[in-house]
Amino acid sequence: MLDIPKLLRLLGISQSELMHLTENVDKYYYLKSNPKLNKKTGEQLIDKNGKPRTRDLYPSINLLKIVQQRIYKNILKSIKLPAYAFGGIAKRDNILNAKMHQGNKFFFNTDLRNFYPGIRNTQVFEMFVSRNISPTIARILTKLTTYKGMLPQGTPTSPYIANLVFVKAGSALQALCKVHKLTLTTFVDDITISSKTDFQFLVNDFIELIQSKGFKISHDKTFYNTYKPKVTNIIVKNNGLYLAESYKKKIDEFDDKSTPKAKGTINYYERVRKISKIKSAKIKQGITTKKT
């Protein structure tokens, strides 16, 4: 059982430092606001009240950031996540996420609206308690990982915690998918369900299930289709994974392919090609047997 002395050892701090952090946690965050852009036009999106839409990040700093890194490494990583979860997990990326769906024809994609700020500190506390962590320690961990009553986006702990909080909804989705032999994956706030056979009659059930667990759907990012389906920006076909033609064009337009930006773009393109060639069964086996 995790107690105060053991927690202090795992976090590498003294009791006075822990007390200082929990009482002054708000001083260890700053706001980083990025405009939300229309993917087609590049223009900033406007909300229903006429205000420019932004994605607000709250990165942690100094001692709190260090402590959060240790929470992730020494506490969170020991909690195993389901095989369907990909975002925010080491050695699982958006390409592998897409690979899980290769060979399927029918796709349902949706996005969870305001995913991080929508997760409340009470949900984080309940998640820790459900993992056999005492209420006392759970309260401390919740104070060290939440901000203004929510899960802040931009910290070392938030992606993994978000995955853990979503497990209740994810397990229910997974159970329904198993009955109908469907493939489910999540990548942070992106949810993809696919199959070789038509399952459109289940779409409303999926949406209602997600909403019943306290999460909100982005209806403008919710689709059911069969034509060139995309999973986390990867085109998934029966015979492999592909990037849009514009991506290859972007590579061709680099005058100097030795710059960090050019190398990163090329390496990503090559990784998609590499993963595409590997048999899906082999990758799926590695995902289901590997510890997170």
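Because the structure is predicted, anything quoted here is derived from the model rather than measured. When a residue number appears, it is its place in the shown sequence, counting from 1.
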> Rounded to the nearest 0.5 Å, how far apart are CG of D220 and OG1 of T222?
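The distance works out to 7.5 Å.
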
> Can you name the one residue among S195, S280, S194 that meets side-chain hydrogen bond (donor to acceptor under 3.5 Å, both in side chains) with N104?
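Passing option: S194.
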
> Any donor-acceptor pair under 3.5 Å linking the side chain of S276 with the backbone of L241?
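Confirmed, S276 side chain pairs with L241 backbone.
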
> Can you tell me how far the CG atom of N267 sits from the OH atom of Y269, to the nearest 0.5 Å?
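If we round to the nearest 0.5 Å, N267:CG and Y269:OH are 13.0 Å apart.
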
> In plain terms, say whether K221 and D190 are close enough for a salt bridge, that is, a side-chain N and a carboxylate O under 4.0 Å apart.
no

> For N97 versus T185, what's the shortest heavy-atom pair and its separation?
OD1-OG1, 2.6 Å

> Of all residues at least two apart in sequence or in a different chain, which pass the ring pair (Phe, Tyr, Trp, His ring centres under 6.0 Å) check with F199?
Y224

> Could you tell me which non-hydrogen atom of R113 sits nearest to which non-hydrogen atom of S218, and how far apart they are?
CB-OG, 3.3 Å

> Under a 3.5 Å cutoff, is there a donor and acceptor pairing between the side chains of S14 and S16?
yes

> Decide if the gap between the ring center of F108 and the ring center of F223 is smaller than 6.0 angstrom.
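Not under 6.0 Å, so no.
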
> For the backbone of P159 and the side chain of N163, can you confirm whether one donor and one acceptor N or O come within less than 3.5 Å of each other?
yes

> What's the shortest heavy-atom distance between E17 and L63, and which atoms?
CB-CD2, 4.4 Å

> With rounding to the nearest 0.5 Å, note down the distance linking CD1 in I71 to CG in L76.
7.0 Å

> Working note: D56 + S33, criterion side-chain hydrogen bond (donor to acceptor under 3.5 Å, both in side chains); need CA distance, chi angles, decisive distance, verdict.
CA-CA 4 Å; D56 294 335; S33 189; 2.8 Å; yes

> Does the K99 side chain pair with the main chain of I275, one donor and one acceptor, at a distance under 3.5 Å?
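Pair found, side chain donor or acceptor close to backbone of I275.
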
> Does T265 offer a backbone N or O that forms a donor-acceptor pair with the side chain of Y247 under 3.5 Å?
yes

> Residues in ring pair (Phe, Tyr, Trp, His ring centres under 6.0 Å) with F254, at least two apart?
none

> Check whether any side-chain N or O of S78 sits under 3.5 Å from a backbone N or O of I75 as a donor-acceptor pair, and report yes or no.
yes

> Starting at CD of Q68, measure out to CD1 of I61 and round the result to the nearest 0.5 Å.
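It is 11.0 Å, given to the nearest 0.5 Å.
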
> Would you please name every residue forming a ring pair (Phe, Tyr, Trp, His ring centres under 6.0 Å) with Y147, sequence neighbours left out?
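Result, ring pair (Phe, Tyr, Trp, His ring centres under 6.0 Å) vs Y147: Y29, Y58.
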
> Taking it one step at a time, do T192 and N109 satisfy side-chain hydrogen bond (donor to acceptor under 3.5 Å, both in side chains)?
CA-CA 5 Å; T192 303; N109 299 88; 3.1 Å; yes

> So, R92 side chain and A85 main chain: donor-acceptor pair closer than 3.5 Å or not?
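Confirmed, R92 side chain pairs with A85 backbone.
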
> Does one hydrophobic cluster hold both I13 and L64, with members joined at side-chain heavy-atom distances below 4.5 Å?
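Yes, it is one cluster - the side chains of I13 and L64 are joined through contacts under 4.5 Å.
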
